[in-house]
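See below for the structure under consideration.
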Amino acid sequence: MAAVVIKWTGREAGLLRNAMRLNAREFADLVGVHPRQISRWEGRSETVTLSLPNQAALDTLLARAEPDTQQRFAEALTERAAAENDEHVEELLRRDPGTSRHPGDGKLMVLVEEGIHLAGADNRSLWLDAFRIDVYPTTNSDYERFVKATGHRPPRHWPNGRCPADLATHPVVWVSWHDATAYARWAGKTLPTAQQWEKAVRGPRGRIYPWGNEPTAAKCNVAETGIDTTTPVFRYQSGASPYGVFDMCGNVWEWCSTEEGHGSGRYHLKGSAFTSPFQRATPALHNTASAAMQDNDTGFRCTTPT
């Protein structure tokens, strides 16, 4: 289903809660706020514009919702627009044709169109066919579905082999290249090539960073921020790439399918991590690791052909 572009107020949050058929406490747990905050949002309705982290959390809930829930939410918006002649809601119902949910793992993906892009530290002009890439890195919650479906070994940081609830929306870590490839195969996807990954973050004009050419460490989770652990994949909205892809700098290194020399067993890693100094966050940076390597700052995302 294509994504609905939402500027969330208290009223839209209430419509989504009703569409999901959750009480205030259940909904608050998913959004990551206190239940009283939900009551405030809905009580003050349109006078409350939600913070960017809360908007991102609601965006993620809507994107991951079952089709029936998404349909109920869209119908509620439509009914409101018809009843109130509400131009704001009409705007909310615009759809982004470049974004869709993958049938394998249900993750939101975005289209990166074919064409020339600038790649590498020397900005070489390269051609790439069109592809789709996950908007967010693979989370612990995503990986849990894979583990349950296949019996694959869970990551070492999961207590008793279970996904920790407080890390559900954080990128999965402690996964080797082999683990990431197994997930991609299960989902009907592949790991991105290093070239695909770089185009998705830099855009066709070769930005230095996803957000532009200014070195702004506050737009990503790197060592200078002092967080010293992973963060939810939707946290850094201002750090999104030209294609709307999140977390391409910082948080976790991401495995690519590109091998460093035939038969070396070493594969490209992209993006830097919360452990990395900001100077290593440039998407053109070259980095590789053994396919068997696992670490607390290494994860992945997937791609598909169009």
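This chain uses plain numbering: 1 for the first residue, then up along the sequence.
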Salt bridge present between [X] and [Y] (N-O < 4.0 angstrom):
X	Y	value
Glu198	Lys270	yes
Asp105	Arg145	no
Arg301	Asp247	no

Say whether [X] and [Y], considering side chains only, have a donor N or O and an acceptor N or O under 3.5 Å apart.
X	Y	result
Thr230	His170	yes
Thr303	Thr190	yes
Ser141	Glu144	no
Asn140	His157	yes
His152	Asp179	yes

Distance-only, no hydrogens or angles: does the [X] side chain make a donor-acceptor pair with backbone N or O of [Y] under 3.5 Å?
X	Y	result
Glu224	Pro277	no
Thr225	Val222	yes
Gln37	His34	no
Thr298	Gln294	no
Thr216	Lys219	no
Lys107	Asp142	no

Legend entry - Listed partners of Thr282 passing side chain to side chain contact (heavy atoms under 4.5 Å, CB included), at least two apart: Ile208, Tyr209, Leu285

Are [X] and [Y] side-chain neighbours, meaning at least one heavy-atom pair lies under 4.5 Å?
X	Y	value
Arg132	Ser100	yes
Ile133	Val112	yes
Leu191	Trp177	yes
Trp174	Asn296	yes
Cys220	Trp211	yes
Ser257	Tyr267	no
Val135	Val245	no
Asp297	Phe274	yes

Closest approach of [X] to [Y] (non-hydrogen atoms, all atoms of both residues):
X	Y	value
Arg202	Gly120	NH1-O, 3.3 Å
Pro210	Gly239	CB-O, 3.3 Å
Ile116	Ser125	CG2-CB, 4.0 Å

Inset, instruction - Answer yes or no: does atom CD of Glu26 have more than 12 heavy-atom neighbours from other residues, nucleotides or ligands under 6.0 Å? - result: yes

Please tabulate, one pair per line, all N/O donor-acceptor pairs under 3.5 Å involving side-chain atoms of residues 14-21, not counting sequence neighbours.
| from | atom 1 | to | atom 2 | distance (Å) |
| --- | --- | --- | --- | --- |
| Arg17 | NE | Glu42 | OE2 | 2.7 |
| Arg17 | NH1 | Leu22 | O | 2.9 |
| Arg17 | NH2 | Glu42 | OE1 | 3.1 |
| Asn18 | ND2 | Gly14 | O | 3.3 |

Legend entry - Set of side chain to side chain donor-acceptor pair (under 3.5 Å) partners for Glu114, sequence neighbours left out: none

Inset, instruction - Starting from the C-alpha separation in whole Å, work towards a yes-or-no answer on ring pair (Phe, Tyr, Trp, His ring centres under 6.0 Å) for Tyr183 and Phe300. - result: CA-CA 10 Å; Tyr183 174 98; Phe300 66 98; 5.3 Å; yes

